[in-house]
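Everything on this sheet refers to the single structure shown next.
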2 protein chains.
Amino acid sequence: MAPVTDRRERQREALLEAAERTIAAKGLDGLKARELAREIGCAVGAIYNLVADLDELILRVGSRTLARLDRALQEAEARPLPGSSDPAVEQLVAVALAYCRFARANLPLWRTLFEHRMAEGSTVPEWALSEQMTLFRHIALPLASLMPQAGSADVALFTRTMFSAVHGVLALGLDEKLVAVPVAELERQIETLVRLICTGLLAGEATRARR
Amino acid sequence: MAPVTDRRERQREALLEAAERTIAAKGLDGLKARELAREIGCAVGAIYNLVADLDELILRVGSRTLARLDRALQEAEARPLPGSSDPAVEQLVAVALAYCRFARANLPLWRTLFEHRMAEGSTVPEWALSEQMTLFRHIALPLASLMPQAGSADVALFTRTMFSAVHGVLALGLDEKLVAVPVAELERQIETLVRLICTGLLAGEATRARR
DNA sequence: GCAGAATTATGAACGTTGTTCAAAGGAGGT
DNA sequence: ACCTCCTTTGAACAACGTTCATAATTCTGC
(Lines give C-alpha, C1' and ligand atoms only; values in the text may rest on other atoms or scores of the structure.)
Protein backbone atom coordinates (compact mmCIF):
# COMPACT_ATOMS: atom_id res chain seq x y z
CA MET A 1 0.00 0.00 0.00
CA ALA A 2 0.92 3.61 -0.04
CA PRO A 3 3.15 3.98 3.01
CA VAL A 4 3.12 7.77 2.74
CA THR A 5 -0.63 8.04 2.96
CA ASP A 6 -0.49 5.64 5.85
CA ARG A 7 2.09 7.73 7.61
CA ARG A 8 0.05 10.85 7.02
CA GLU A 9 -2.97 9.20 8.52
CA ARG A 10 -0.99 8.12 11.54
CA GLN A 11 0.40 11.61 11.97
CA ARG A 12 -3.04 13.13 11.66
CA GLU A 13 -4.16 10.79 14.41
CA ALA A 14 -1.19 11.78 16.55
CA LEU A 15 -2.02 15.43 15.96
CA LEU A 16 -5.63 14.88 16.95
CA GLU A 17 -4.64 13.11 20.14
CA ALA A 18 -2.07 15.74 21.02
CA ALA A 19 -4.68 18.42 20.49
CA GLU A 20 -7.20 16.57 22.62
CA ARG A 21 -4.67 16.07 25.42
CA THR A 22 -3.67 19.72 25.32
CA ILE A 23 -7.21 21.04 25.41
CA ALA A 24 -8.13 18.65 28.21
CA ALA A 25 -5.11 19.78 30.21
CA LYS A 26 -4.87 23.48 29.46
CA GLY A 27 -8.11 24.48 27.81
CA LEU A 28 -8.78 25.68 24.30
CA ASP A 29 -6.60 28.75 24.77
CA GLY A 30 -3.65 26.51 25.58
CA LEU A 31 -3.69 25.03 22.10
CA LYS A 32 -0.71 26.40 20.12
CA ALA A 33 0.48 25.35 16.68
CA ARG A 34 4.14 25.38 17.66
CA GLU A 35 3.61 23.25 20.73
CA LEU A 36 1.57 20.72 18.76
CA ALA A 37 4.34 20.48 16.19
CA ARG A 38 6.91 19.87 18.91
CA GLU A 39 4.69 17.24 20.51
CA ILE A 40 4.16 15.16 17.36
CA GLY A 41 7.73 15.76 16.21
CA CYS A 42 7.44 17.84 13.08
CA ALA A 43 7.84 21.41 11.89
CA VAL A 44 5.07 23.95 12.38
CA GLY A 45 4.37 24.10 8.68
CA ALA A 46 3.73 20.36 8.46
CA ILE A 47 0.59 20.77 10.55
CA TYR A 48 -1.02 22.53 7.63
CA ASN A 49 -0.54 19.46 5.49
CA LEU A 50 -2.50 17.37 7.98
CA VAL A 51 -5.22 19.93 8.61
CA ALA A 52 -6.43 23.07 6.86
CA ASP A 53 -6.06 25.18 9.98
CA LEU A 54 -6.45 24.94 13.74
CA ASP A 55 -10.20 25.45 13.40
CA GLU A 56 -10.51 22.16 11.56
CA LEU A 57 -8.43 20.47 14.25
CA ILE A 58 -10.66 21.86 16.99
CA LEU A 59 -13.72 20.70 15.09
CA ARG A 60 -12.30 17.21 14.84
CA VAL A 61 -11.57 17.12 18.54
CA GLY A 62 -15.13 18.28 19.09
CA SER A 63 -16.38 15.42 16.99
CA ARG A 64 -14.57 12.93 19.20
CA THR A 65 -15.94 14.57 22.32
CA LEU A 66 -19.44 14.42 20.89
CA ALA A 67 -19.02 10.71 20.18
CA ARG A 68 -17.93 10.02 23.75
CA LEU A 69 -20.81 12.11 25.03
CA ASP A 70 -23.19 10.10 22.90
CA ARG A 71 -21.93 6.87 24.45
CA ALA A 72 -22.30 8.31 27.95
CA LEU A 73 -25.89 9.36 27.29
CA GLN A 74 -26.68 6.02 25.69
CA GLU A 75 -25.58 4.23 28.85
CA ALA A 76 -27.71 6.47 31.01
CA GLU A 77 -30.67 5.92 28.73
CA ALA A 78 -30.25 2.16 28.83
CA ARG A 79 -30.05 2.11 32.62
CA PRO A 80 -33.10 4.13 33.71
CA LEU A 81 -33.32 4.73 37.42
CA PRO A 82 -36.11 2.79 39.12
CA GLY A 83 -38.21 5.90 39.44
CA SER A 84 -41.46 6.40 41.19
CA SER A 85 -43.19 8.13 38.31
CA ASP A 86 -43.43 7.90 34.54
CA PRO A 87 -40.41 5.98 33.16
CA ALA A 88 -40.00 8.63 30.44
CA VAL A 89 -39.48 11.22 33.17
CA GLU A 90 -36.86 9.03 34.84
CA GLN A 91 -35.11 8.56 31.53
CA LEU A 92 -34.96 12.31 30.93
CA VAL A 93 -33.61 12.87 34.43
CA ALA A 94 -31.02 10.13 33.93
CA VAL A 95 -29.87 11.62 30.61
CA ALA A 96 -29.68 15.12 32.09
CA LEU A 97 -27.62 13.91 35.03
CA ALA A 98 -25.36 11.92 32.72
CA TYR A 99 -24.83 15.07 30.68
CA CYS A 100 -23.98 16.90 33.86
CA ARG A 101 -21.42 14.33 34.91
CA PHE A 102 -19.89 14.16 31.47
CA ALA A 103 -19.46 17.91 31.36
CA ARG A 104 -17.81 17.95 34.74
CA ALA A 105 -15.51 15.04 33.93
CA ASN A 106 -14.49 16.57 30.57
CA LEU A 107 -14.76 20.22 31.40
CA PRO A 108 -12.36 21.85 28.91
CA LEU A 109 -13.26 19.50 26.07
CA TRP A 110 -16.94 19.99 26.73
CA ARG A 111 -16.53 23.76 26.85
CA THR A 112 -14.68 23.65 23.55
CA LEU A 113 -17.83 22.31 21.91
CA PHE A 114 -19.59 25.58 22.66
CA GLU A 115 -16.87 28.18 23.12
CA HIS A 116 -15.43 27.66 19.72
CA ARG A 117 -16.79 30.13 17.19
CA MET A 118 -16.35 29.44 13.51
CA ALA A 119 -14.09 31.91 11.72
CA GLU A 120 -16.18 34.65 10.19
CA GLY A 121 -17.78 33.48 6.99
CA SER A 122 -17.10 29.78 7.15
CA THR A 123 -20.00 27.62 8.20
CA VAL A 124 -20.45 24.60 10.45
CA PRO A 125 -19.80 21.44 8.40
CA GLU A 126 -22.73 19.18 7.73
CA TRP A 127 -21.38 16.18 9.66
CA ALA A 128 -21.27 18.29 12.82
CA LEU A 129 -24.97 19.06 12.46
CA SER A 130 -25.87 15.40 12.01
CA GLU A 131 -23.89 14.57 15.14
CA GLN A 132 -26.08 17.02 17.04
CA MET A 133 -29.22 15.36 15.76
CA THR A 134 -27.88 12.01 16.91
CA LEU A 135 -27.46 13.38 20.41
CA PHE A 136 -30.92 14.86 20.52
CA ARG A 137 -32.61 11.50 20.06
CA HIS A 138 -31.75 10.67 23.69
CA ILE A 139 -34.10 13.47 24.66
CA ALA A 140 -36.62 13.36 21.83
CA LEU A 141 -37.70 9.77 22.38
CA PRO A 142 -38.79 9.97 26.02
CA LEU A 143 -40.05 13.49 25.46
CA ALA A 144 -42.39 12.35 22.72
CA SER A 145 -44.13 10.05 25.15
CA LEU A 146 -44.76 13.02 27.45
CA MET A 147 -46.27 15.02 24.59
CA PRO A 148 -48.60 12.45 23.05
CA GLN A 149 -50.73 14.91 21.14
CA ALA A 150 -47.85 17.03 19.83
CA GLY A 151 -46.60 16.78 16.26
CA SER A 152 -43.08 15.57 15.62
CA ALA A 153 -41.97 19.10 14.68
CA ASP A 154 -43.14 20.38 18.06
CA VAL A 155 -41.34 17.55 19.81
CA ALA A 156 -38.16 18.38 17.89
CA LEU A 157 -38.41 22.04 18.84
CA PHE A 158 -39.01 21.31 22.47
CA THR A 159 -36.22 18.76 22.50
CA ARG A 160 -33.89 21.53 21.59
CA THR A 161 -35.40 23.79 24.22
CA MET A 162 -35.07 21.18 26.92
CA PHE A 163 -31.46 20.46 26.03
CA SER A 164 -30.65 24.16 25.95
CA ALA A 165 -32.25 24.75 29.33
CA VAL A 166 -30.27 22.00 31.03
CA HIS A 167 -27.17 23.06 29.18
CA GLY A 168 -27.63 26.63 30.34
CA VAL A 169 -27.89 25.66 33.98
CA LEU A 170 -24.80 23.54 33.63
CA ALA A 171 -22.75 26.03 31.63
CA LEU A 172 -23.41 28.94 33.95
CA GLY A 173 -23.12 26.75 37.03
CA LEU A 174 -19.69 25.46 36.05
CA ASP A 175 -18.43 28.96 35.29
CA GLU A 176 -17.05 31.02 38.05
CA LYS A 177 -18.80 33.91 36.32
CA LEU A 178 -21.81 33.83 38.54
CA VAL A 179 -21.28 32.98 42.18
CA ALA A 180 -19.98 29.45 42.47
CA VAL A 181 -22.41 26.65 43.16
CA PRO A 182 -21.37 23.34 44.72
CA VAL A 183 -21.64 20.45 42.29
CA ALA A 184 -24.04 18.39 44.34
CA GLU A 185 -26.40 21.36 44.43
CA LEU A 186 -25.97 21.81 40.70
CA GLU A 187 -27.08 18.24 40.03
CA ARG A 188 -30.06 18.70 42.31
CA GLN A 189 -31.07 21.87 40.52
CA ILE A 190 -30.86 20.16 37.15
CA GLU A 191 -32.92 17.23 38.35
CA THR A 192 -35.47 19.61 39.81
CA LEU A 193 -35.64 21.57 36.59
CA VAL A 194 -36.21 18.49 34.45
CA ARG A 195 -38.85 17.14 36.80
CA LEU A 196 -40.64 20.48 36.90
CA ILE A 197 -40.77 20.69 33.14
CA CYS A 198 -42.08 17.14 32.95
CA THR A 199 -44.68 17.85 35.61
CA GLY A 200 -45.69 20.92 33.66
CA LEU A 201 -45.99 18.91 30.48
CA LEU A 202 -48.13 16.24 32.14
CA ALA A 203 -50.30 18.84 33.88
CA GLY A 204 -50.70 20.65 30.58
CA GLU A 205 -51.76 17.46 28.89
CA ALA A 206 -54.26 16.85 31.64
CA THR A 207 -55.58 20.39 31.34
CA ARG A 208 -55.97 20.14 27.59
CA ALA A 209 -57.54 16.69 27.88
CA ARG A 210 -60.07 17.94 30.40
CA ARG A 211 -61.38 20.61 28.02
CA MET B 1 -10.15 71.76 39.84
CA ALA B 2 -7.40 69.65 38.43
CA PRO B 3 -7.93 69.95 34.66
CA VAL B 4 -5.63 67.05 33.99
CA THR B 5 -7.68 64.60 36.02
CA ASP B 6 -10.76 65.95 34.30
CA ARG B 7 -9.26 65.38 30.90
CA ARG B 8 -8.30 61.86 31.85
CA GLU B 9 -11.84 61.15 32.93
CA ARG B 10 -13.18 62.48 29.68
CA GLN B 11 -10.75 60.36 27.71
CA ARG B 12 -11.64 57.30 29.72
CA GLU B 13 -15.26 57.92 28.84
CA ALA B 14 -14.39 58.32 25.17
CA LEU B 15 -12.45 55.06 25.31
CA LEU B 16 -15.40 53.28 26.89
CA GLU B 17 -17.78 54.54 24.26
CA ALA B 18 -15.44 53.69 21.43
CA ALA B 19 -15.08 50.19 22.84
CA GLU B 20 -18.83 49.81 23.19
CA ARG B 21 -19.41 51.01 19.64
CA THR B 22 -16.77 48.67 18.29
CA ILE B 23 -18.07 45.61 20.10
CA ALA B 24 -21.64 46.40 19.07
CA ALA B 25 -20.57 46.74 15.46
CA LYS B 26 -17.90 44.09 15.05
CA GLY B 27 -18.13 41.83 18.06
CA LEU B 28 -15.68 41.27 20.86
CA ASP B 29 -13.05 39.92 18.48
CA GLY B 30 -13.16 43.18 16.56
CA LEU B 31 -11.83 45.11 19.55
CA LYS B 32 -8.19 46.09 18.88
CA ALA B 33 -5.99 48.32 20.98
CA ARG B 34 -4.53 50.17 18.00
CA GLU B 35 -7.92 50.92 16.48
CA LEU B 36 -9.24 52.21 19.78
CA ALA B 37 -6.25 54.51 20.09
CA ARG B 38 -6.82 55.86 16.60
CA GLU B 39 -10.51 56.36 17.34
CA ILE B 40 -10.01 58.43 20.49
CA GLY B 41 -6.98 60.17 19.04
CA CYS B 42 -4.06 59.04 21.17
CA ALA B 43 -1.11 56.70 21.03
CA VAL B 44 -1.54 53.01 21.77
CA GLY B 45 0.43 53.28 24.98
CA ALA B 46 -1.88 55.97 26.35
CA ILE B 47 -4.70 53.45 26.62
CA TYR B 48 -2.82 51.78 29.44
CA ASN B 49 -2.96 54.98 31.44
CA LEU B 50 -6.75 54.99 31.22
CA VAL B 51 -7.22 51.31 31.83
CA ALA B 52 -5.07 48.48 33.19
CA ASP B 53 -5.61 46.29 30.13
CA LEU B 54 -8.28 45.45 27.57
CA ASP B 55 -9.87 43.04 30.04
CA GLU B 56 -10.75 45.91 32.34
CA LEU B 57 -12.18 47.82 29.41
CA ILE B 58 -14.34 44.86 28.40
CA LEU B 59 -15.52 44.49 31.97
CA ARG B 60 -16.52 48.16 32.07
CA VAL B 61 -18.45 47.81 28.84
CA GLY B 62 -20.12 44.77 30.36
CA SER B 63 -21.11 46.83 33.36
CA ARG B 64 -22.86 49.34 31.11
CA THR B 65 -24.62 46.58 29.23
CA LEU B 66 -25.77 45.06 32.49
CA ALA B 67 -27.17 48.42 33.61
CA ARG B 68 -29.16 48.80 30.40
CA LEU B 69 -30.38 45.24 30.74
CA ASP B 70 -31.51 46.00 34.27
CA ARG B 71 -33.57 48.94 33.04
CA ALA B 72 -35.12 46.81 30.29
CA LEU B 73 -36.13 44.11 32.76
CA GLN B 74 -37.45 46.69 35.20
CA GLU B 75 -39.79 48.07 32.55
CA ALA B 76 -41.05 44.59 31.72
CA GLU B 77 -41.61 43.88 35.39
CA ALA B 78 -43.56 47.10 35.86
CA ARG B 79 -45.80 46.39 32.87
CA PRO B 80 -47.02 42.83 33.48
CA LEU B 81 -49.10 41.41 30.66
CA PRO B 82 -52.79 41.05 31.50
CA GLY B 83 -52.45 37.32 31.83
CA SER B 84 -55.02 34.70 32.41
CA SER B 85 -53.26 33.02 35.29
CA ASP B 86 -51.20 33.90 38.35
CA PRO B 87 -49.75 37.44 37.98
CA ALA B 88 -46.38 36.15 39.20
CA VAL B 89 -46.31 33.77 36.26
CA GLU B 90 -47.11 36.61 33.87
CA GLN B 91 -44.35 38.67 35.40
CA LEU B 92 -41.81 35.89 34.93
CA VAL B 93 -42.90 35.43 31.33
CA ALA B 94 -42.67 39.18 30.73
CA VAL B 95 -39.16 39.35 32.19
CA ALA B 96 -38.00 36.34 30.18
CA LEU B 97 -39.34 37.81 26.95
CA ALA B 98 -37.77 41.16 27.76
CA TYR B 99 -34.48 39.38 28.29
CA CYS B 100 -34.94 37.69 24.95
CA ARG B 101 -35.60 40.93 23.14
CA PHE B 102 -32.70 42.70 24.82
CA ALA B 103 -30.31 39.94 23.82
CA ARG B 104 -31.45 40.12 20.25
CA ALA B 105 -31.27 43.89 20.08
CA ASN B 106 -27.81 43.98 21.68
CA LEU B 107 -26.42 40.73 20.39
CA PRO B 108 -22.65 41.31 20.44
CA LEU B 109 -22.70 43.30 23.66
CA TRP B 110 -24.90 40.72 25.32
CA ARG B 111 -22.64 37.90 24.13
CA THR B 112 -19.65 39.73 25.51
CA LEU B 113 -21.13 39.40 28.98
CA PHE B 114 -20.75 35.63 28.80
CA GLU B 115 -18.08 34.96 26.20
CA HIS B 116 -15.45 36.94 27.98
CA ARG B 117 -13.26 34.77 30.18
CA MET B 118 -11.16 36.37 32.85
CA ALA B 119 -7.42 36.05 32.27
CA GLU B 120 -6.09 33.00 34.08
CA GLY B 121 -5.70 33.71 37.77
CA SER B 122 -7.46 37.05 38.07
CA THR B 123 -10.93 36.92 39.54
CA VAL B 124 -14.23 38.61 38.78
CA PRO B 125 -14.37 41.94 40.62
CA GLU B 126 -16.84 42.27 43.43
CA TRP B 127 -18.93 45.00 41.83
CA ALA B 128 -19.66 42.69 38.89
CA LEU B 129 -21.07 40.11 41.27
CA SER B 130 -23.34 42.60 42.97
CA GLU B 131 -24.64 43.69 39.57
CA GLN B 132 -25.65 40.09 38.93
CA MET B 133 -27.54 39.97 42.21
CA THR B 134 -29.38 43.13 41.26
CA LEU B 135 -30.55 41.51 38.04
CA PHE B 136 -31.72 38.39 39.76
CA ARG B 137 -34.25 40.24 41.88
CA HIS B 138 -36.47 40.59 38.81
CA ILE B 139 -36.82 36.82 38.88
CA ALA B 140 -36.54 36.13 42.60
CA LEU B 141 -39.49 38.26 43.65
CA PRO B 142 -42.23 36.70 41.51
CA LEU B 143 -40.63 33.30 41.92
CA ALA B 144 -40.88 33.51 45.69
CA SER B 145 -44.64 33.85 45.43
CA LEU B 146 -44.75 30.62 43.42
CA MET B 147 -42.70 28.82 46.06
CA PRO B 148 -44.49 29.90 49.25
CA GLN B 149 -43.15 27.15 51.45
CA ALA B 150 -39.54 27.36 50.20
CA GLY B 151 -36.80 29.02 52.20
CA SER B 152 -35.11 32.11 50.80
CA ALA B 153 -31.96 30.10 50.05
CA ASP B 154 -33.97 27.68 47.92
CA VAL B 155 -35.60 30.57 46.12
CA ALA B 156 -32.19 32.11 45.44
CA LEU B 157 -30.87 28.83 44.06
CA PHE B 158 -33.84 28.28 41.83
CA THR B 159 -33.73 31.88 40.66
CA ARG B 160 -30.33 31.15 39.31
CA THR B 161 -31.54 27.93 37.76
CA MET B 162 -34.45 29.61 36.06
CA PHE B 163 -32.31 32.39 34.70
CA SER B 164 -29.74 29.91 33.44
CA ALA B 165 -32.38 27.79 31.74
CA VAL B 166 -33.86 30.73 29.85
CA HIS B 167 -30.40 32.02 29.10
CA GLY B 168 -29.38 28.64 27.71
CA VAL B 169 -32.30 28.46 25.34
CA LEU B 170 -31.55 31.97 24.16
CA ALA B 171 -27.78 31.55 23.86
CA LEU B 172 -27.98 28.33 21.88
CA GLY B 173 -30.92 29.58 19.85
CA LEU B 174 -29.11 32.73 18.74
CA ASP B 175 -26.00 30.78 17.79
CA GLU B 176 -25.77 29.26 14.39
CA LYS B 177 -24.09 26.35 16.15
CA LEU B 178 -27.20 24.26 16.36
CA VAL B 179 -29.62 24.41 13.47
CA ALA B 180 -31.03 27.91 13.19
CA VAL B 181 -34.37 28.69 14.79
CA PRO B 182 -36.57 31.58 13.69
CA VAL B 183 -36.84 34.28 16.32
CA ALA B 184 -40.59 34.14 16.70
CA GLU B 185 -40.30 30.44 17.44
CA LEU B 186 -37.51 31.15 19.91
CA GLU B 187 -39.70 33.53 21.89
CA ARG B 188 -42.52 31.01 21.88
CA GLN B 189 -40.21 28.30 23.16
CA ILE B 190 -38.97 30.52 25.95
CA GLU B 191 -42.49 31.47 26.97
CA THR B 192 -43.50 27.81 26.91
CA LEU B 193 -40.51 26.86 29.02
CA VAL B 194 -41.23 29.47 31.67
CA ARG B 195 -44.91 28.57 31.81
CA LEU B 196 -44.12 24.89 32.08
CA ILE B 197 -41.75 25.46 34.97
CA CYS B 198 -44.34 27.62 36.70
CA THR B 199 -47.04 25.01 36.14
CA GLY B 200 -44.68 22.42 37.54
CA LEU B 201 -44.01 24.56 40.59
CA LEU B 202 -47.70 25.13 41.25
CA ALA B 203 -48.55 21.46 40.67
CA GLY B 204 -45.71 20.47 42.99
CA GLU B 205 -47.01 22.82 45.63
CA ALA B 206 -50.43 21.32 45.22
CA THR B 207 -49.03 17.81 45.43
CA ARG B 208 -47.06 18.59 48.53
CA ALA B 209 -50.01 20.40 50.09
CA ARG B 210 -52.30 17.49 49.42
CA ARG B 211 -50.07 15.08 51.30
C1' DG C 1 18.76 0.58 -9.92
C1' DC C 2 18.26 5.18 -11.32
C1' DA C 3 17.20 9.77 -13.32
C1' DG C 4 13.67 12.91 -13.43
C1' DA C 5 9.22 14.46 -11.66
C1' DA C 6 6.29 15.33 -7.99
C1' DT C 7 5.23 15.63 -3.50
C1' DT C 8 6.24 16.74 1.37
C1' DA C 9 8.95 18.65 5.28
C1' DT C 10 11.38 22.51 7.04
C1' DG C 11 11.91 26.68 9.74
C1' DA C 12 12.71 31.44 8.72
C1' DA C 13 9.72 35.13 7.65
C1' DC C 14 5.21 37.75 7.57
C1' DG C 15 1.43 40.12 9.44
C1' DT C 16 -1.32 40.78 13.68
C1' DT C 17 -1.98 40.75 18.30
C1' DG C 18 -1.58 43.02 23.47
C1' DT C 19 1.65 45.18 26.22
C1' DT C 20 5.98 47.72 27.65
C1' DC C 21 9.41 51.33 27.90
C1' DA C 22 13.11 54.79 26.97
C1' DA C 23 12.75 59.08 25.43
C1' DA C 24 10.36 63.46 24.53
C1' DG C 25 7.02 66.71 26.00
C1' DG C 26 4.42 69.63 29.04
C1' DA C 27 2.33 71.43 33.52
C1' DG C 28 3.14 73.42 38.20
C1' DG C 29 5.68 75.29 41.71
C1' DT C 30 9.54 78.27 43.51
C1' DA D 1 13.80 80.80 34.05
C1' DC D 2 14.56 76.48 36.11
C1' DC D 3 13.86 72.06 38.04
C1' DT D 4 10.65 68.25 39.04
C1' DC D 5 7.20 65.17 38.17
C1' DC D 6 3.83 63.13 35.41
C1' DT D 7 2.02 62.11 30.87
C1' DT D 8 2.34 60.97 26.06
C1' DT D 9 4.53 58.86 22.39
C1' DG D 10 5.44 55.30 18.98
C1' DA D 11 9.11 52.10 18.27
C1' DA D 12 10.18 47.69 20.14
C1' DC D 13 8.98 43.08 22.17
C1' DA D 14 7.03 38.61 22.59
C1' DA D 15 3.71 35.37 21.03
C1' DC D 16 0.47 34.01 17.86
C1' DG D 17 -1.46 31.57 13.26
C1' DT D 18 -0.18 31.08 8.81
C1' DT D 19 2.71 31.11 4.47
C1' DC D 20 6.44 30.06 1.36
C1' DA D 21 11.00 29.46 -0.88
C1' DT D 22 14.04 25.85 -0.31
C1' DA D 23 15.67 21.36 0.74
C1' DA D 24 14.72 16.66 1.38
C1' DT D 25 12.19 12.72 0.29
C1' DT D 26 9.27 9.63 -2.21
C1' DC D 27 7.18 8.10 -6.39
C1' DT D 28 7.29 6.88 -11.43
C1' DG D 29 8.72 4.97 -15.71
C1' DC D 30 12.22 2.72 -17.61
Side-chain angles (χ1 to χ4, degrees), chain A residues 1-16 18-23 25-62 108 112 115-122, chain B residues 1-16 18-23 25-62 108 112 115-122:
Chain A
M1 263 266 280
V4 63
T5 305
D6 206 26
R7 190 176 112 85
R8 259 173 87 99
E9 212 52 53
R10 244 174 308 131
Q11 263 212 318
R12 211 199 301 273
E13 194 66 25
L15 179 63
L16 235 173
E20 191 172 36
R21 262 198 316 274
T22 305
I23 294 178
K26 306 195 285 191
L28 184 54
D29 292 345
L31 195 73
K32 316 284 159 162
R34 285 167 177 79
E35 195 190 309
L36 283 173
R38 192 160 7 96
E39 196 133 354
I40 68 172
C42 74
V44 262
I47 287 181
Y48 296 87
N49 295 340
L50 304 173
V51 130
D53 49 25
L54 290 197
D55 270 10
E56 184 192 324
L57 185 57
I58 293 167
L59 238 52
R60 285 192 199 249
V61 171
T112 298
E115 274 180 18
H116 180 55
R117 285 254 179 292
M118 291 303 286
E120 187 102 20
S122 60
Chain B
M1 260 275 276
V4 62
T5 305
D6 205 26
R7 188 176 113 85
R8 260 174 83 100
E9 212 52 54
R10 246 175 306 132
Q11 264 214 316
R12 210 199 303 271
E13 194 66 25
L15 179 62
L16 235 175
E20 192 174 32
R21 260 199 317 273
T22 304
I23 294 178
K26 307 196 286 191
L28 183 54
D29 292 344
L31 196 73
K32 316 282 158 160
R34 283 165 179 81
E35 193 190 310
L36 283 173
R38 194 163 1 102
E39 198 135 352
I40 69 173
C42 74
V44 262
I47 288 181
Y48 296 89
N49 295 341
L50 304 173
V51 129
D53 49 24
L54 290 197
D55 270 11
E56 184 192 324
L57 185 57
I58 293 167
L59 238 52
R60 285 192 199 247
V61 170
T112 298
E115 275 179 18
H116 180 55
R117 286 254 179 289
M118 292 301 288
E120 187 101 22
S122 60

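Note on naming: letters A, B, ... go to the chains in the order of the sequence lines (proteins, then strands), and numbering restarts at 1 for each one. What you see is a predicted model, and the numbers here were worked out from it, not measured in a lab.
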### Message
Without decimals, in angstroms, what is the distance between B:His116 NE2 and C:dG18 P?
### Response
13 Å
### Query
Salt bridge or not for A:Lys26 and A:Glu35, using N-O below 4.0 Å?
yes
### Side-chain donor/acceptor of A:Asp53 to backbone N/O of A:Glu56, under 3.5 Å
yes
### Task
Specify the separation, in whole Å, of atom CZ of B:Arg8 and atom P of C:dA27.
16 Å
### Query
Going through the checks in order, is the side-chain contact (heavy atoms from CB on, under 4.5 Å) test met by A:Leu59 and A:His116?
CA-CA 9 Å; A:Leu59 238 52; A:His116 180 55; 3.8 Å; yes
### Task
Calculate, to the nearest 0.5 Å, the distance between atoms CD and CD1 belonging to B:Gln11 and B:Ile47 respectively.
9.5 Å
#### Entry: B:Arg8 side chain vs B:Asn49 backbone, donor-acceptor pair below 3.5 Å
yes
### Query
Which whole-number value in Å describes the distance from A:Arg7 CZ to C:dT7 C1'?
13 Å
Can you tabulate the close N/O pairs, meaning under 3.5 Å, that link protein atoms to atoms of nucleotides 16-18 of chain D?
residue, atom, partner, partner atom, Å
D:dG17, OP1, A:Leu31, O, 3.2
D:dG17, OP2, A:Ala33, N, 3.0
D:dG17, N7, A:Arg34, NH1, 2.8
D:dG17, O6, A:Arg34, NH2, 2.8
D:dT18, OP2, A:Tyr48, OH, 2.8
D:dT18, OP2, A:Leu54, N, 3.3

### Task
Calculate the interatomic distance between B:Glu35 atom CD and C:dG18 atom C1'; express it in whole Å.
14 Å
### Task
Give the angle between the helix axes at the two ends of the helix from C:dG1-D:dC30 to C:dT30-D:dA1, taking five base pairs at each end and rounding to 10°.
10°
### Task
Could you give me the CA-CA distance, side-chain angles and deciding distance for A:Arg12 and A:Glu9, then say whether salt bridge (Lys or Arg N to Asp or Glu O under 4.0 Å) is met?
CA-CA 5 Å; A:Arg12 211 199 301 273; A:Glu9 212 52 53; 3.2 Å; yes
### Task
For B:Leu15 and D:dT8, give me the distance from atom CG to atom C1', rounded to whole Å.
15 Å
### Query
Which whole-number value in Å describes the distance from A:Arg12 CZ to C:dT8 P?
11 Å
### Query
B:Arg34 side chain to B:Ala43 main-chain N or O, any donor-acceptor pair under 3.5 Å?
no
### Message
Could you tell me how far apart B:Leu28 (CG) and C:dG18 (C1') are, to the nearest whole angstrom?
### Response
14 Å
### Query
Nearest-Å distance, CG (B:Asn49) to P (C:dG26)?
16 Å
### Message
Nearest 0.5 Å, please: how far is CZ in B:Arg21 from CG in B:Leu31?
### Response
11.5 Å
### Task
Go through C:dT10, D:dT8, D:dG10 for me and flag the one nearest to the B:Ala43 side chain.
D:dG10
### Query
How long is the gap from OG1 on A:Thr22 to CG on A:Leu57, to the nearest 0.5 Å?
9.0 Å
